[in-house]
Structures are given as C-alpha cells and as structure tokens.
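Below: the structure, in structure tokens.
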Amino acid sequence: MSIKFLPPLRLLNPSPPVTRFPLMNVGLSINTRRSIPIFSGVFPFKLKYPGFSSRFSTRSFRPGPTGSRPEFTRRTGAERERGEVRTSKSLVEDEAELSDWVSDLRTNSFRGRVTSEDESDSDMGRRNRSKRGPGRDRDSGSNRGGGREGFSMKRRRESDSDEFGEPTRRRTESTFGPPRKNRGTLGLQNEKRGQGERDLWLKRDGKGVKGERGFIDDDDEVDVGEDERKGLMRNLGGLVTEEESDDDDDGDNGNGIFEKNALSSTGLKKEFDMKDRPSLSSSSDSFMSETRFDQCSISPLSLKGIKDAGYEKMTVVQAATLPVIVKGKDVLAKAKTGTGKTVAFLLPSIEVVVKSPPLDRDQKRPPIIALVICPTRELATQAATEANTLLKYHPSIGVQVVIGGVRIASEQRNLQANPCQILVATPGRLKDHIENTAGFATRLMGVKVLVLDEADRLLDMGFRKDIEKIISAIPKQRQTLMFSATVPEEVRQICHVALKRDHEFINTVEEGTEDTHSKVRQMHVIAPLDKQFPLLYVILKDHIANDPDYKAIVFCTTARVTGLVAGLLGELNLNIREIHSRKAQTYRTRVSNEFRKSRGLILVTSDVSARGVDYPDVTLVMQVGLPASREQYIHRLGRTGRKGKEGEGILLLAPWEEFFLSTVKDLPLTKAPMPSIDPDTKKKVERALSQLDMNSKQAAYQAWLGYYNSQKKVANDKYRLVELANEFSRSMGLDTPPAIPKLVLGKMGLRNIPGLRTK
Ligand SMILES: Nc1ncnc2c1ncn2[C@@H]1O[C@H](COP(=O)(O)OP(=O)(O)OP(=O)(O)O)[C@@H](O)[C@H]1O
C-alpha cells in the first residue's frame with residue numbers, strides 16, 4: 001500500500017498538529033481458538049469472564065480511506081493530560097534508595113570515595129545458598145560464582161554535591177514467565193482493540209523547550225584487562241564491579257545547554273516526504289512490515305550482516321523510520337516495546353559511518369562518527385552487541401562501549417588501542433571521558449549521528465545535565481535520532497534540546513490505541529500488604545504449574561526490596577535469580593545472560609531491567625508495588641510480549657496504591673479475581689520470612705520508606721506513610737519496625753513522626 005500525505009498545514013493553535021495517516025495494516029494472524037485460563041488454580045473464577053474464552057480474529061489489512069490521505073488532528077486531551085500526571089521518575093528512583101544512601105553516607109562520613117561490600121556474596125548470597133530446593137541449586141551456583149571476587153569494589157560518591165549528594169538511582173524489576181498453557185487467553189483485549197491494533201499511524205510534531213534540573217550518578221570502578229572491542233563485549237562480565245548506583249549514569253542539573261539550545265515551537269511541522277518510503281502492508285505479526293531491507297538504500301555489506309542476523313523484512317518501526325533517517329532527517333520515533341527499535345537506529349547510523357571518508361592513516365585518534373547513548377549498562381552492552389552483529393561484514397568499522405562499573409582507565413586504554421567509529425555509552429561515563437580522557441573531546445567533534453535510546457528516560461531529570469554536557473561536546477551539525485516506547489508530552493516539549501526544529505516525529509502507535517501490546521494480557525490484583533508475599537508466591541506457583549517453560553520477571557520498587565523478595569522466593573524454593581544495583585556488574589551481566597537463555601526461571605529485579613533489555617520468551621511480568629510512573633509500568637510490561645508474542649502482566653498493588661490505575665486507565669488492565677491463600681501456604685510463607693536475614697529486612701524497610709516517601713500521593717500524609725511502612729514491616733514478620741538512623745530520617749523529612757524508631 002502506498003502512502004500519501006497531505007501538503008503541510010499551518011495551524012495557528014499552539015498545540016502541535018499531528019499528521020495522522022494509516023501507513024500499513026498489520027493483519028493479526030493469531031489462530032488460537034483455545035480458551036485458556038490465565039491463573040488456573042489461583043483465580044478459579046476466571047472462566048466467568050467471557051473474554052477469556054474469546055479468540056483472536058484474523059483480519060486482513062485494507063487500505064485506508066481515500067488513498068490513505070492523512071488527516072491532521074490535534075493531540076487529544078488525554079494525551080496532554082497524560083503528560084501532566086506523569087510522575088517525576090528520576091526523582092522517584094533516586095529517592096527510592098535514599099535511605100540506603102544516607103545510611104552509607106553516615107557510615108562513610110563524607111568521604112569522596114566510599115568502599116562498600118558487594119551484596120551479591122554477602123547477606124543475600126549467603127541466605128540464598130542456605131536453603132534451596134533442587135531449583136535453587138542452580139541459583140546457588142550462580143551466586144557463588146557471582147559477586148566481586150577478585151575485585152576491589154569502590155563506590156564513588158560526590159560528597160560535595162548537595163546535601164543528598166547524588167541519590168542513588170535504584171530500580172527494581174522482576175520477571176516471571178506466564179504459563180505457556182495460559183498463552184492465548186487474551187481474546188478479551190484483542191477483540192476489544194479490534195482493527196486499531198493493526199493500523200499504523202505516524203504523527204509529526206515539534207515543540208518548544210524548557211530546561212530542567214537533574215541529578216548526578218556515580219560510577220564504580222574495577223580493573224579491566226580487555227582491549228579488543230569484541231573481547232570487551234564478551235568479557236563485560238569480567239570487567240566490572242558492583243555498583244551502588246544504578247547502571248544509569250546520571251546527570252547533574254544545569255541550566256546552560258537546554259536553555260541555550262531551546263527553540264520555541266510555532267507548532268509548524270515539516271511534512272514527511274513519503275514518495276520513496278517503502279509501503280508497509282499486512283504481515284503475520286503485528287510488529288513486522290512487508291518491506292525487505294534490500295528495498296531500502298542500505299550498503300550491500302550491511303545487508304549481508306542483516307541477513308546473517310536472521311532479519312529479512314523490516315519491523316514496522318524500521319520500515320517507518322529508515323527511509324526518513326537515511327535522508328538525513330532528525331527523527332523522534334515512538335514504537336511499542338520489543339519491536340526492533342535498536343536495529344532501527346543502529347542500521348542507519350552504520351550507514352553514515354560507511355559513507356564517511358576512510359580513516360587517515362596518520363590520524364592517531366580517529367573521530368567517533370556515531371554516538372549512541374543508553375540509560376543503562378545492560379542496554380548499552382546489548383546495543384553494542386547488536387551493532388557488532390550488523391557490522392559482521394564491515395571489519396574496518398569498530399564499536400566500543402563505555403559504561404559505569406568498568407574501570408575508566410581500562411576504557412581509556414581500549415579507546416586508545418582500538419579506535420572505533422561507533423561508541424555506545426551511558427551518560428555519566430561518557431561525560432567522565434569528555435572531562436578526563438585525553439583527546440576524547442576531539443574525537444567527539446567527528447560525531448555525525450547522535451542516538452538517544454530510551455529518549456524520554458535520558459531527557460528526564462536524572463540524566464538531563466549529562467545529556468546537556470554531551471550535546472555541547474558534539475557538533476551542532478549532526479543528525480539526531482531519538483527512540484522510545486513512551487514519549488510523554490514533556491519529552492515532546494523538550495526534544496528540541498537535541499533535535500532540529502524540522503525533525504519528524506514518527507509514531508507507530510496508532511492514535512487511540514494503547515501503548516502496550518494487545519497480545520499481552522494485563523491484570524491487577526489489589527491486596528493489603530500483609531497478603532502480598534503469600535499472594536506473590538501463590539500466583540507464581542500457579543504460573544509455574546501451568547507452564548513448565550515459564551520465564552517470569554518480578555519487578556520490585558527498590559533494590560533492597562528486590563533483595564528481600566528474591567530471598568523470600570529463594571527460601572520458598574522457587575528457581576530465582578536477582579538483578580539490581582546492589583549487585584556487582586559482573587554478577588548482573590552473568591545473570592542477565594543466563595536469564596536470556598533460560599526457561600523455568602524467575603528473575604527478581606529492580607528497574608535496572610525495566611527498559612530495553614531483550615529477554616526472549618518471557619511469559620509473565622509481575623510488578624509488585626507502585627510503579628514509579630506510567631512509563632515505567634509500560635516498559636516493565638514490555639519485557640514480555642516481544643516480537644509479537646503473547647505474554648501476561650500482573651500488577652500487585654495495595655488498596656492505597658490503587659490511585660495508580662488512573663494513570664494507566666487507557667490501558668487494558670483488568671481486575672483479577674483475588675486468588676485464595678490456603679492456611680498451609682500462609683504458614684509456609686511466614687516460615688520463609690522468618691528465615692530471612694534481619695539486615696535484609698531492615699534495609700528493605702528503610703528503602704521502602706524512602707521510596708514511598710518520594711511518591712507524592714503517598715507521602716502527602718507523613719503520619720499515614722509511617723503507618724503503611726510499619727504495615728510493610730509487619731508483612732515481613734517484624735511487629736516492631738526496624739530502627740532508622742536519625743540522619744536518614746532527617747534527610748527524609750520524617751523526624752518526630754510517631755511510629756518510627758530511631759537509632
Ligand atoms: N527486522 C527484524 N526481523 C526480526 N526480528 C527483529 C528485527 N529487528 C529486530 N528484531 C528482533 O526483535 C527483538 C526486539 O528488538 P529490540 O530489542 O530492538 O526492541 P525495542 O523496540 O528496542 O524494545 P524496547 O522498547 O523494549 O527497548 C530483538 O530480539 C531483535 O533481534
């Protein structure tokens with residue numbers, strides 16, 4: 001189907017118009033007629049829901065009306081509203097572990113550098129090893145091998161920043177796989193969404209800018225003995241150390257660059273020139289297009305690499321963006337999770353490098369031509385690995401990664417010894433190199449393409465300052481590509497920080513449809529805190545019972561809470577792994593690789609795994625507690641249902657967290673019947689809780705308090721907040737809540753609140 005567009009339309013309304021045009025129809029071909037219960041034993045009355053037994057319909061794609069001429073529409077009120085209700089994510093994440101951090105600060109009393117223990121082999125590791133069933137033996141082995149053995153772990157803290165220094169950004173995630181048997185039970189959502197899911201709409205936008213403040217993260221450092229680019233990829237696990245701070249490299253605040261580069265928006269948009277854009281048409285998978293890579297102007301060697309990678313046709317987002325990008329346009333692209341955004345930005349970036357003049361032999365420090373920035377270490381590593389795959393037949397093009405957790409001196413040596421034209425980086429570490437690595441700033445002056453992966457995350461407060469700094473260090477004359485599965489209104493307003501005014505906003509999510517996948521069934525369970533641990537166990541057990549090939553992720557609110565939940569599930573003999581920022585990077589990398597390849601495994605994690613990580617065939621994503629934001633909910637959920645597959649998502653909230661549902665009310669998140677908890681299960685969970693190390697409970701309590709203290713709607717009433725925290729304490733089996741250092745309480749603004757114990 002060819003796509004045509006109306007000529008540019010000038011609107012006087014300051015709200016940017018949106019060009020809306022059906023680009024392709026993607027015919028779903030889901031043939032299941034099965035009516036499969038989702039939580040068979042857990043939610044016994046699920047069959048009462050008629051939608052559970054409905055089936056997907058297969059509809060072929062039809063061209064849009066009147067030759068698919070686009071209509072200009074304005075943003076819906078809901079869209080605008082969404083931006084307004086969005087939580088300040090980075091603040092939330094940073095404060096999530098505030099108490100941990102302050103605790104460290106107290107212990108290490110304002111030293112510039114703090115040495116910390118790696119938890120991977122400390123309390124949690126020991127606890128996990130202490131009591132395991134057959135499944136846990138695997139974990140045990142993993143834990144034994146993990147941690148920081150052989151590494152000195154240093155955690156750098158900038159004690160000279162503000163009082164809170166650089167609050168550690170923490171995220172928690174968990175992964176659980178839905179029972180295979182239960183897959184295909186999503187008829188309700190699919191039927192409800194109907195044709196909309198299959199249509200593709202592109203929107204363009206341009207907006208003004210406003211500056212914001214940010215935080216700075218710190219990096220841990222460890223020695224690295226790897227020079228080779230590919231060796232670096234292979235050996236990342238051996239390069240890095242534990243980090244207190246997240247894989248995120250943070251940014252400070254700054255006013256400068258954002259304001260300086262700000263362009264006021266007039267609301268005028270540049271039109272797409274779609275003449276040469278390949279048409280998209282129906283496909284068996286909603287995320288695939290009918291366009292082959294060789295229909296686009298891609299170099300033969302890249303095409304060979306693509307073929308070897310097993311890619312034949314483009315995904316929808318690739319087909320929508322590639323023709324625009326190869327023409328040199330700046331692009332802000334929104335596409336659902338797991339739909340191939342990485343290749344969408346890597347491939348055209350590689351093509352820019354291919355077209356650049358070959359390196360001068362005398363050039364000691366060849367320029368970096370493509371700069372890719374990712375918010376987490378895992379994501380940066382993953383993107384670099386994908387780049388290497390695509391570069392298989394381009395031996396002269398090099399890729400390197402610079403990320404927190406790796407000793408900077410090693411990276412400096414690698415950069416010197418192995419000149420690369422493509423650099424993948426996390427923001428904080430990249431900023432470090434700009435400031436401290438000889439000749440690096442000069443090399444950055446060669447940047448022709450800048451990619452911001454997970455753009456909304458990189459432009460939020462946590463990274464803003466670093467991104468400002470980076471943008472000021474690369475040429476203004478460049479192409480910029482920004483990709484994410486979520487593009488909230490604030491990001492559209494500030495995207496000119498990086499993008500040219502005439503950039504194109506390509507939205508592959510049809511207006512009026514959800515940002516999540518129709519094949520991922522989403523449910524929420526509302527239960528008081530004292531029921532949540534048993535419920536979590538019951539739901540997971542049921543999931544496992546229904547699918548021996550399960551692969552699940554459990555997301556928790558903070559790193560410390562993640563550690564606690566992982567410990568509990570380990571005590572209950574579930575086959576778990578854990579990833580969060582309290583774990584050494586070596587351990588994180590190893591567990592991540594293992595989980596990628598495994599089945600029959602549960603990953604308990606913080607938000608370090610929320611975005612971008614491509615674990616195939618995850619069957620269930622469970623989110624325990626309040627997600628930091630609507631966007632975070634969507635990204636976490638996006639770990640399942642990748643590449644058009646089915647999946648399950650369950651959000652477990654306490655009654656007082658139910659307000660979150662209003663921020664996702666446009667998503668097909670339905671209420672699940674309350675699973676029943678039999679007395680034996682209750683006792684079993686209580687027993688398991690009693691086995692957990694007191695330190696991990698104390699740490700979880702403090703972190704829990706810190707996290708919810710950063711959630712406006714919960715923290716408004718400090719008295720209530722403390723009551724809830726103590727409820728959480730009781731749910732861990734601690735009737736008397738752990739004492740918290742006065743300093744920590746002071747930092748949290750919780751001094752003298754009744755119910756808190758101090759030490
Ligand atoms: N053209 C293609 N054909 C088939 N598979 C593809 C194609 N392009 C990418 N993939 C695969 O799709 C999967 C998801 O890709 P990717 O991780 O880039 O998704 P994403 O959109 O960036 O997701 P997220 O929003 O979670 O970051 C990967 O396993 C990737 O190898």
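In listed order, ligands and their atoms are each counted from 1. As the structure is a computational prediction, the values presented were derived from the model and not from experiment.
The shortest heavy-atom distance from K313 to ligand 1 is under 4.0 Å. By the 4.0 Å heavy-atom criterion, G338 is counted among the residues contacting ligand 1. A heavy-atom separation below 4.0 Å is found between R639 and ligand 1.
Within the 3.5 Å criterion, the main-chain N or O of Q632 finds a donor-acceptor partner in the side chain of S629. S289 places a side-chain N or O within 3.5 Å of a backbone atom of M314 that can act as its donor or acceptor partner. Within the 3.5 Å criterion, the main-chain N or O of I325 finds a donor-acceptor partner in the side chain of Q479.
Near E454, meaning under 4.0 Å from one of its heavy atoms, ligand 1 places the atoms 27 (O). Ligand-side atoms of ligand 1 in range of F293: 1 (N), range being under 4.0 angstrom from any heavy atom. Ligand 1 places these atoms under 4.0 Å from at least one heavy atom of T315: 1 (N), 2 (C), 7 (C), 8 (N). Contact atoms of ligand 1 toward T339: 19 (O), 20 (P), 21 (O) (distance under 4.0 Å to a heavy atom of the residue). Atoms of ligand 1 lying under 4.0 Å from at least one heavy atom of E386, given by number and element, are 31 (O). Below 4.0 Å from some heavy atom of K643 lie the following atoms of ligand 1, by number and element: 5 (N), 11 (C), 12 (O), 13 (C), 29 (O).
The pair E290-K313 meets the salt-bridge criterion, since a charged nitrogen lies less than 4.0 angstrom from a carboxylate oxygen. With salt bridges taken as basic N to acidic carboxylate O contacts below 4.0 Å, none links K334 and D456. Between K645 and D617, at least one side-chain nitrogen of the basic residue sits less than 4.0 Å from a carboxylate oxygen of the acidic one, meeting the salt-bridge criterion. With respect to D614 and K643, no salt bridge is recorded, no charged nitrogen being found less than 4.0 Å from a carboxylate O.
Between A335 and ligand 1, a contact under 3.5 Å exists for no N or O pair.
Nearest protein neighbour of atom 8 (N) of ligand 1, counting heavy atoms only, is Q318 NE2, 2.8 Å. If you check which protein heavy atom lies closest to atom 31 (O) of ligand 1, you get Y311 OH, 2.5 Å. The nearest heavy-atom contact from the protein to atom 27 (O) of ligand 1 is G612 CA, 3.1 Å. When only non-hydrogen protein atoms are considered, atom 17 (O) of ligand 1 lies nearest to R642 NH2, 3.0 Å. Protein heavy atom nearest atom 28 (C) of ligand 1, with residue, atom name and distance: D614 OD2, 3.0 Å.
With a heavy-atom cut-off of 4.0 Å, R611 does not touch ligand 1 at all. The proximity of K336 to ligand 1, defined as any non-hydrogen pair under 4.0 Å, is limited to the backbone. Heavy atoms from both the backbone and the side chain of K341 come within less than 4.0 Å of ligand 1.
Among residues two or more places apart in sequence or in another chain, the ring pair (Phe, Tyr, Trp, His ring centres under 6.0 Å) test is passed with Y633 by none.
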Kindly indicate, with the supporting measurements, whether the criterion side chain to side chain donor-acceptor pair (under 3.5 Å) is fulfilled by T486 and H635.
CA-CA 8 Å; T486 50; H635 286 278; 2.7 Å; yes

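Here the straight-line distance linking atom CG of L379 with atom OG1 of T342 works out to 7.0 Å at 0.5 Å rounding.
Remark: the S302 side chain and the H394 side chain contain an N/O donor-acceptor pair separated by less than 3.5 Å.
Proximity annotation for atom 16 (P) of ligand 1: of T342, T508, V317, T342 comes nearest, heavy atoms only.
Applying the ring pair (Phe, Tyr, Trp, His ring centres under 6.0 Å) test to pairs two or more places apart or on separate chains, those with a residue in residues 299-347 are F345-F483.
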